[in-house]
Amino acid sequence: MTTPSPATALAETIASLMPRARTELAELVAFRSVADPAQFPKSECEAAAKWVADLLRAEGFRDVALLDTPDGTQSVYGCLPGPADAPTVLLYAHYDVQPPLDESAWLSPPFELTERDGRWYGRGAADCKGGLIMHMLALRALKANGGIPVGVKVVVEGSEEQGTGGLQQYAEQHPELLSADTIVIGDAGNLRAGLPTVTATLRGMALMRVEVNTLEGNLHSGQFGGAAPDALAALIRVLDSLRDEDGSTTVEGLAADGVWEGLQYQEESFRRDAGVLEGVALTGGGTIADRLWARPSVTVLGIDCPPVTGATASIQAFACALVSLRVPPGTEVVEAAALLTAHLEAKVPWGARVAVEQVGQGQPFQVDTTSPAYTSMAQAMRVAYPGEEMQVAGQGFSIPLCNTLASLYPKAEILLIGLNEPKAQIHGVNESVSPQELERLSLTEALFLIGYADLKRSCPDQSDEGQHRDLALSRGGLSGP
């Protein structure tokens, strides 16, 4: 009887664990864990945090704790000591989710995991409750096949989607807690399902609240319209100034000519992934990758104004918008926010009163994909995705914790992988996860941990990265399933 290769044994174990993974993901998705008590009870997040803590304890994690972070939310921590002299790997996910938006637009209840057309639908299924399940699948497979070869720390954040920085502040106050040799952030995704991708850059973000006032109160549009300044019209003029004729972002003083040199995103694929309607043009110039990963972009997230239903014949005295500016690595967010504020203030017409307040921010982030851990990840992806090579892409979103971890642990390598491929529709209605992606990425992570531990044992001197790469490429120790 032929003994299966380590990779085959791991793949078979993970496949056998998928029904359990689905059950656990369904339990976790059922928590309405939006970290905003104005929208959902705080008890939903607290219950989700307790569920995660119980899961870690059941898996044998030590020092499991609910971390009361400064923003009033809870992150969950636990650790598994590894073999003597083994490296330590920190695995990250978050259990808080975006609000479901219009629940009537979902084809199935957003907080009830539902299988449809080969995918599992539910808020947080991919972003990022599925990320926690991915980590657990990898660790369980390793346990069943000789043991986990590294020390493991797991942290599951409770307010990532709100951007309130609770875990960042907690980590800064307790810098020893999350220290590790390498960090796997399970909150990114492949460029498309089946194409193994690591994320090299994240855009930074400045979130701005813009208020416009023109009148002491609303006025009858028939009696005063034509001379009385309309705050909503003024706000529309201001927001329109943020884009030029082709839709490119135009913030005065902010460079918008960056070029992405890596993996390209084909226009046809992007139109399909984004669900762009036939005949509607894409916005901006340059390649799709330039626009998504190397240049700033502005989005109007919301406007406070009367809804169509119930609107009266009134000139609006007040209007307000929430504006998001994303900026690529190399651009300082504080400077970008100042430029955006100056632009908005300068573009308000008719002498209208404007107030611009920054309500959130996250710095851009960039990793060194030539570091030793990426060699191990490339090898793991090559095995988990037969016939495919690891691709390097950017992401347009922000994960502020990455910068905090890079600052606290400058020698740690940070890798970004995850389940957020385009069909997942994270942050939108009908979010879903591909169980095939979950299975393959769990195998990837398990193989990565084996390869990384082997690499560190064979060549512990992190300073000689070329030696690490040469050694890893010459070993060929992991064969495909």
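The shown structure was predicted, so the numbers you read here are calculated from the model rather than taken from an experiment.
- With hydrogens and angles left out, the side-chain atoms of Asn190 and Tyr385 include a donor and acceptor closer than 3.5 Å.
- More than 12 heavy atoms of other residues, nucleotides or ligands shown are found within 6.0 angstrom of CZ on Arg116.
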Given side chain to side chain contact (heavy atoms under 4.5 Å, CB included), test Leu254 with Leu325 step by step and report yes or no.
-> CA-CA 11 Å; Leu254 186 62; Leu325 174 66; 4.0 Å; yes
Any chance you could lay out the salt bridge (Lys or Arg N to Asp or Glu O under 4.0 Å) test for Arg20 and Glu24, step after step, and finish with the verdict?
-> CA-CA 6 Å; Arg20 178 181 177 185; Glu24 290 176 333; 3.5 Å; yes
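- Going from atom CE of Met208 over to atom CG of Leu344 covers 7.0 Å, rounded to the nearest 0.5 Å.
- Nearest heavy atoms, Trp293 versus Ala393: CH2-CB, 3.8 Å.
- A salt bridge does not link Arg119 with Glu115: every distance from a Lys NZ or Arg NE/NH1/NH2 to an Asp or Glu carboxylate oxygen is 4.0 Å or more.
- The main-chain N or O of Pro400 is never found under 3.5 Å from a side-chain atom of Ser398 such that the two would form a donor-acceptor pair.
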May I have the step-by-step check of side chain to side chain contact (heavy atoms under 4.5 Å, CB included) for Ile183 and Val89, ending in yes or no?
-> CA-CA 6 Å; Ile183 299 166; Val89 177; over 6 Å; no
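- Salt bridge annotation for Glu437-Arg440: present, with a cationic side-chain nitrogen under 4.0 angstrom from a carboxylate oxygen.
- A side-chain donor-acceptor contact under 3.5 Å links Glu27 and Trp51.
- Leu408 has its side chain out of reach of Leu178: every pair of non-hydrogen atoms, C-beta onward, lies at least 4.5 Å apart.
- Distance check: Leu80 CG to Leu142 CG gives 11.0 Å after rounding to the nearest 0.5 Å.
- Applying the salt bridge (charged side-chain N to carboxylate O under 4.0 Å, His left out) test to every pair with at least one member in residues 153-171, sequence neighbours left out, gives no pairs at all.
- Between the side chains of Asp71 and Thr164, at least one donor N or O lies within less than 3.5 Å of an accepting N or O.
- Between Val323 and Val356 there is no side-chain heavy-atom pair separated by less than 4.5 Å.
- Taking 4.5 Å as the limit, some side-chain heavy atom of Leu202 sits within range of a side-chain heavy atom of Phe397.
- Shortest non-hydrogen contact noted between Ile414 and Tyr374 is O-OH, 2.7 Å.
- For the atom pair CG (Asp96) and NZ (Lys129), the distance works out to 8.5 Å, reported to the nearest 0.5 Å.
- Summarising the geometry of Glu388 relative to Gly194, their closest heavy-atom pair is CG-O, 3.7 Å, with the distance given to 0.1 Å.
- Taking CD from Gln316 and CG from Asp304, the interatomic distance works out to 11.0 Å, rounded to the nearest 0.5 Å.
- Of the candidates Val429, Asn430, Ile426, Leu101, Arg123 forms a side-chain contact (heavy atoms from CB on, under 4.5 Å) with just one, namely Leu101.
- Side chain of Arg243 to backbone of Ser248: no donor-acceptor contact under 3.5 angstrom is found.
- Side chains of Glu332 and Gln363: a donor-acceptor N/O pair is present below 3.5 angstrom, by distance only.
- For the pair Thr287 (side chain) and Asp290 (backbone), a donor-acceptor distance under 3.5 Å is present.
- Across all their heavy atoms, Ala206 and Val333 have their closest contact at CB-CG1, 4.2 Å.
- Between Leu55 and Phe61, every side-chain heavy-atom pair lies at or beyond the 4.5 Å cut-off.
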CA sep, side-chain torsions, deciding dist, call: Gln98, Asp127, side chain to side chain donor-acceptor pair (under 3.5 Å) = CA-CA 9 Å; Gln98 285 283 327; Asp127 183 24; over 6 Å; no
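- Between Glu445 and Arg140, no side-chain nitrogen of the basic residue sits less than 4.0 Å from a carboxylate oxygen of the acidic one, so the salt-bridge criterion is not met.
- Side chains of Val383 and Leu447 form a contact here, defined as non-hydrogen atoms less than 4.5 Å apart.
- Considering CG of Leu139 and CG of Leu56, their distance stands at 9.5 Å, rounded to 0.5 Å.
- Residues Asp273 and Tyr265 have side chains that bring a donor and an acceptor to within less than 3.5 angstrom of each other.
- Remark: Arg382 engages Glu389 in a salt bridge, criterion side-chain N to carboxylate O under 4.0 Å.
- Geometrically, Arg22 engages Trp120 in a cation-pi contact, judged by NZ or CZ lying under 6.0 Å from the ring centre and within 45° of the ring axis.
- Listed here is the closest heavy atom pair of Pro110 and Val29: O-CG1, 3.9 Å.
- No donor-acceptor pair under 3.5 Å is formed between the side chain of Ser442 and the backbone N or O of Ile14.
- Surrounding CD of Glu268 are at most 12 heavy atoms belonging to other residues, nucleotides or ligands under 6.0 Å away.
- Put simply, the side chain of Arg295 never gets that close to the backbone of Gly284: no donor and acceptor are under 3.5 Å apart.
- Looking at Glu44 and Ser33, their side chains never bring a donor and an acceptor atom within 3.5 Å of each other.
- Taken from CD1 in Ile133 to CG in Leu28, the straight-line distance is 6.0 Å, to the nearest 0.5 Å.
- Under a 3.5 Å cut-off, the side chain of Arg203 and the backbone N or O of Gly396 do form a donor-acceptor pair.
- Val97 is not listed as a side-chain neighbour of Phe31, based on a closest heavy-atom distance of 4.5 Å or more.
- Put simply, the side chain of Arg326 never gets that close to the backbone of Leu292: no donor and acceptor are under 3.5 Å apart.
- At least one donor-acceptor pair closer than 3.5 Å links the side chain of Thr23 to the backbone N or O of Pro19.
- Ion pairing of Glu252 with Lys347 is present here, as a side-chain N (NZ or NE/NH1/NH2) and a carboxylate O approach within less than 4.0 Å.
- Looking at heavy atoms from C-beta onward, Leu91 lies in side-chain contact with Val152 at the 4.5 angstrom threshold.
- Taking every heavy atom of both residues into account, Ser324 and Leu301 meet most closely at CB-CD1, 3.7 Å.
- For the pair Arg32 and Phe40, the NZ or CZ position fails the cation-pi test of under 6.0 Å to the six-membered ring centre and within 45 degrees of the ring normal.
- The aromatic rings of His94 and Tyr92 sit tilted, their planes meeting at an angle between 30° and 60°.
- Ion pair Arg57/Asp54 flagged as a salt bridge, since at least one NZ, NE, NH1 or NH2 atom sits closer than 4.0 Å to an Asp/Glu carboxylate oxygen.
- Taking 4.5 Å as the limit, some side-chain heavy atom of Leu177 sits within range of a side-chain heavy atom of Leu67.
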